[in-house]
Amino acid sequence: QVQLVESGGGLVQPGGSLRLSCKTNRISFMGWYRQAPGKQRELVATISSGGQTTYEDAVKDRFVAARDNTKNIVYLQMNNLKPEDTAVYYCSPDRATWGQGTQVTVSS
């Protein structure tokens, strides 16, 4: 069974940066998702086991997904954060397995 532990969230001012981590017990494709209050969970980025990435338009050129397969950790570097990025962020390999998420709040 895949295990997922997200971390790295916090409170940051607009324009700031955060790096999220997703510790897992298996090297696989991984998606980063977020869920804002009152909204559906949405995909923001993906990274293949080999490191190929895709991004949704809302985060393209601001977010960067990366991974360290020696540590089984997937990262999401988030730059130039905006208030609309406020959400709980999750990683998942299959949209069926979820960790506890990590809260990101962008506010001045």
Side-chain angles (χ1 to χ4, degrees):
Q1 184 174 354
V2 176
Q3 297 174 355
L4 303 162
V5 179
E6 300 95 338
S7 63
L11 173 63
V12 64
Q13 292 186 341
S17 297
L18 284 173
R19 189 178 76 160
L20 306 184
S21 298
C22 169
K23 175 67 174 170
T24 181
N25 61 340
R26 188 178 300 174
I27 296 173
S28 69
F29 167 92
M30 195 67 73
W32 279 103
Y33 299 81
R34 66 186 180 188
Q35 187 166 21
K39 295 188 176 182
Q40 289 191 333
R41 196 168 297 185
E42 62 177 2
L43 178 69
V44 296
T46 68
I47 183 165
S48 70
S49 56
Q52 292 178 310
T53 56
T54 66
Y55 303 95
E56 295 303 300
D57 287 345
V59 306
K60 198 172 292 185
D61 299 325
R62 298 190 298 122
F63 290 12
V64 179
R67 66 190 306 149
D68 184 340
N69 287 342
T70 66
K71 299 179 180 178
N72 283 0
I73 299 178
V74 177
Y75 301 100
L76 186 67
Q77 176 68 41
M78 305 188 297
N79 302 317
N80 190 22
L81 282 160
K82 303 176 180 181
E84 52 263 42
D85 295 318
T86 295
V88 180
Y89 284 72
Y90 303 87
C91 57
S92 176
D94 55 11
R95 290 182 179 258
T97 309
W98 301 99
Q100 82 290 351
T102 185
Q103 176 71 49
V104 172
T105 302
V106 185
S107 175
S108 55

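The basis for the numbers below is simple: all heavy atoms, side chains too, and nothing from hydrogens, waters or symmetry mates. As the structure is a prediction and not an experimental result, all values here were calculated from the model.
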Nearest heavy atoms of Pro93 and Met30, plus distance in Å: N-SD, 3.5 Å

Same cluster for Ile47 and Leu18 if Ile/Leu/Val/Met/Phe/Trp/Tyr side chains link at under 4.5 Å? yes

Can you give me every donor-acceptor pair (side chain of residues 71-78, partner residue at least two apart or in another chain, under 3.5 Å) with its distance?
unit_1, atom_1, unit_2, atom_2, d
Gln77, NE2, Asn79, OD1, 2.9

Can you check side-chain contact (heavy atoms from CB on, under 4.5 Å) on Thr86 and Gln103, steps first, answer last? CA-CA 8 Å; Thr86 295; Gln103 176 71 49; 4.1 Å; yes

For Thr97 and Gln1, what are the C-alpha separation, side-chain angles and deciding distance, and is it a side-chain contact (heavy atoms from CB on, under 4.5 Å)? CA-CA 9 Å; Thr97 309; Gln1 184 174 354; 5.6 Å; no

Between Arg95 and Leu43, is there a side-chain heavy-atom distance shorter than 4.5 Å? yes

Does any non-hydrogen side-chain atom of Cys22 lie less than 4.5 Å from one of Trp32? yes

Starting at CZ of Arg34, measure out to CZ of Arg41 and round the result to the nearest 0.5 Å. 13.0 Å

Please name the pair of heavy atoms, one in Tyr55 and one in Ala45, separated by the smallest distance, quoted to 0.1 Å. CD2-CB, 3.7 Å

How many angstroms lie between OG in Ser107 and CG in Asp85, if you round to the nearest 0.5 Å? 12.5 Å

Same cluster (ILVMFWY, side-chain, under 4.5 Å), Val59 and Tyr90: no

Answer yes or no: does atom CD of Gln40 have more than 12 heavy-atom neighbours from other residues, nucleotides or ligands under 6.0 Å? no

Distance in Å, Thr53 OG1 paired with Arg67 CZ, rounded so as to fall on 0.5 Å steps: 11.5 Å

Do Asn25 and Val2 make a side-chain contact, defined as non-hydrogen atoms from C-beta onward lying under 4.5 Å apart? yes

Going by heavy atoms in the side chains, are Tyr89 and Glu6 under 4.5 Å from each other? no

Are more than 12 heavy atoms, taken from residues, nucleotides or ligands other than Asp61, located less than 6.0 Å from that residue's CG atom? no

Going by the rule side-chain contact (heavy atoms from CB on, under 4.5 Å), which residues pair with Val5 if we only count those two or more places apart in sequence or in a different chain? Lys23, Gln100

Starting at CZ of Phe63, measure out to CG of Leu20 and round the result to the nearest 0.5 Å. 8.0 Å

Which heavy-atom pair separates Pro14 from Ser108 by the least distance, and what is that distance? CD-N, 3.7 Å

Ring pair (Phe, Tyr, Trp, His ring centres under 6.0 Å) against Tyr33, all qualifying residues, sequence neighbours excluded: Trp98

